[in-house]
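In this text, all values refer to a predicted model and were calculated from it rather than measured experimentally. To find a chain, count down the sequence lines: A is the first, B the second, and so on, and within it residues start at 1.
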Protein chains: 2
Amino acid sequence: MSGGNRRRVTQRDVARAVGVTSATVSYALNGQPGVSDELRERIAKVADEMGFRPSRLAVGLRLGHTDTIGLLVPDVANPFYPELASGVIEAAAAEGLQVFVSQVGLDGRDQLRVITALVDSHCEGLLLTAVLPEDASMLKELQARRIPFGLINRRIEDLPADWVGIDDFAAAKELVAQVVGSRRSVAIFGGPERSSVSAGRTAGALAALREAGLEPLPDGRAGALTRDSGAERARALFDSQGPVDLVVCGNDVIALGVMDVCYERGLSVPQDVAITGFDDMSFASAGPLRLTSVEVPRQEMGRRAVQTLRRRIAGFDGEAQVVELPYRIRRRSTA
Amino acid sequence: MSGGNRRRVTQRDVARAVGVTSATVSYALNGQPGVSDELRERIAKVADEMGFRPSRLAVGLRLGHTDTIGLLVPDVANPFYPELASGVIEAAAAEGLQVFVSQVGLDGRDQLRVITALVDSHCEGLLLTAVLPEDASMLKELQARRIPFGLINRRIEDLPADWVGIDDFAAAKELVAQVVGSRRSVAIFGGPERSSVSAGRTAGALAALREAGLEPLPDGRAGALTRDSGAERARALFDSQGPVDLVVCGNDVIALGVMDVCYERGLSVPQDVAITGFDDMSFASAGPLRLTSVEVPRQEMGRRAVQTLRRRIAGFDGEAQVVELPYRIRRRSTA
DNA sequence: CTGAAAGCGCTTACAG
DNA sequence: CTGAAAGCGCTTACAG
């Protein structure tokens, strides 16, 4: 009764109990022909009673595939990713694929380590959401080793690879064009410059401003996609410039930080300062917040990425599939 | 150049390239004695050049362990869990364990399937955050099969098992005692009754009200931990009772739904309706929200759970470890 | 319809 | 210091 008797029930144990060979158990349980119905049922019954479960390690080793894929996200604490992950997990389950979700850090610091671990575990494909330009050589290596992968959201210039996302440039441009009105002093608080998504959003916002004959304030253009970063940049800007008319933020979390500072300083939104976010995270629509933002079809992005990846795993070898999904401007109370 | 040449580089390939046996490669790479330094270096170099990575499937099968644990959460879209997951992942990495995080659905619908899959994959331990009373027999089965697991947050009565959490009853009681003041008509919008956490919070709130000589309104006491559920219950309540003085919510997400309805109907918070949340999710402290809540040490919960689980995996067979962590009332603007 | 054997990619006693 | 062999738990041709 005591001590570590943690041995698994094996196919062989079942075989012995039934009085057949382990191959017969395998045939019976996998629905292969060549086993009488009566015997098949008896084996199934005994296997079930004994709690036999085939070892995925052994099956994977033998079969050479594992029906698993990996999803890499920078930081599960950013609400953007859990919703994307839901889409991926659901779609994968429908395809009979199990997904391992891993964090790689805001700066992608653990990305290589995580990819290596997943590939070592015979993961059959990878979905990457946090690539940076410097990852290009790693991705080329993946391609050379014929490990299927897909990019979600962020992409890398000149690297042909499957990708699902939105047109961040167009979305940001459209958003800013809608909200700028008569606001003259405008700041852009974008995300990390090296993220293609953040770069696209910043460029789009800039384009809209220039079309309106405006030049944004130079400070705080790039930074982390965090609330603290938004707050710090807002404090610095308000200290140096006084309150500005409009702050265009790279995502909703940065916008939250800016709103924190407005609250601290008794500035009213949008009368004193207008604010836009991006991503339309769930909290953005909350009654007291009513953040103007851009809805990104996160679940759908996940689903589409899985579909493309599954085809690659199945051996599809055609050119890079690029899927650009529609976005939606969500005009609310903050701008 | 074309077609699916996706074969892995194996230990044997390295051995052949160096001109030794595959055992020697294993010894060399695993730092076992009996290989000259010169040869060891040569093997390491060739292995690296060829991109050799030991198959985790094969190693796991051979060694009988995989250094992986599973974390089961109901729904990654609930911001409570990603932060808990961070704590788990970090602590696990420090212990050399990889963690597989899986969703099991708000009602735990997929829990059994996911546990089975993880155990089939030779996962060495499980961390469960979404157990319900009806899971007791499944957990006993896990114990019988000597599969180490730990409970986080929710627990099951009369089932001795490792657990990490807070005293939800005491926290809710303290929170309500602090905010009730002269409010007379009070509603409790709790989470699912069968969740020990939600039940404890509701009971604590009830106890505080009764000590204040109050009986809460009977409607909407239990429901889902979602914003929609909070909004629906608030609409139903306000329609039937008119606005109430105070709504005590089972978590911050429910509270957000209640705030949505207050906003819809032009009720001011906390003047017309006071609201409390629970969990102190990141959005709760946002400037325009300032939700009164209870801070739960999510990261620390994750860390402690991993530590306990690791000891179990290492063979510790002592009695159930119960870790009750401190919470903190966060009084802000909504109550 | 059933059994014996090989092999997936490793590690580890055991001989030399 | 190095090699041949067994075995982890499966699946799948191949004989009977």
[X] side chain vs [Y] backbone, donor-acceptor pair below 3.5 Å:
| X | Y | value |
| --- | --- | --- |
| B:Arg16 | B:Ser22 | no |
| A:Thr66 | A:His122 | yes |
| A:Glu90 | A:Val88 | no |
| B:Arg304 | B:Glu324 | no |
| A:Asp120 | B:Arg56 | no |

Q: Please list every stem that involves DNA chain C, where a stem is a run of 3 or more consecutive Watson-Crick or G-U wobble pairs with both pairing distances under 3.5 Å.
A: C:1-3 with D:14-16, C:5-12 with D:5-12, C:14-16 with D:1-3
Q. What does nucleotides 9-16 of chain D look like as a protein-contact string, B for base, S for sugar-phosphate only, - for none, at under 4.0 angstrom between heavy atoms?
A. BBBBB---
**Q.** Rounded interatomic separation in angstrom, taking CG from A:Asp120 and P from C:dC8
**A.** 19 Å
Q: Using a strict 4.0 Å threshold on nitrogen-to-oxygen distance, state whether A:Arg7 and A:Asp13 make a salt bridge.
A: yes
Q: Measure the spacing between OG1 of B:Thr68 and CD of B:Glu124 and express it to the nearest 0.5 Å.
A: 6.0 Å
(Q) What contact category does A:Gly34 fall into here, base, sugar-phosphate, or nothing, at under 4.0 angstrom with non-hydrogen atoms? (A) base
Q.
Out of the candidates B:Arg194, B:Gln111, B:Arg154, only one should pair with B:Asp135 under the side chain to side chain donor-acceptor pair (under 3.5 Å) rule; please name it.
A. B:Gln111
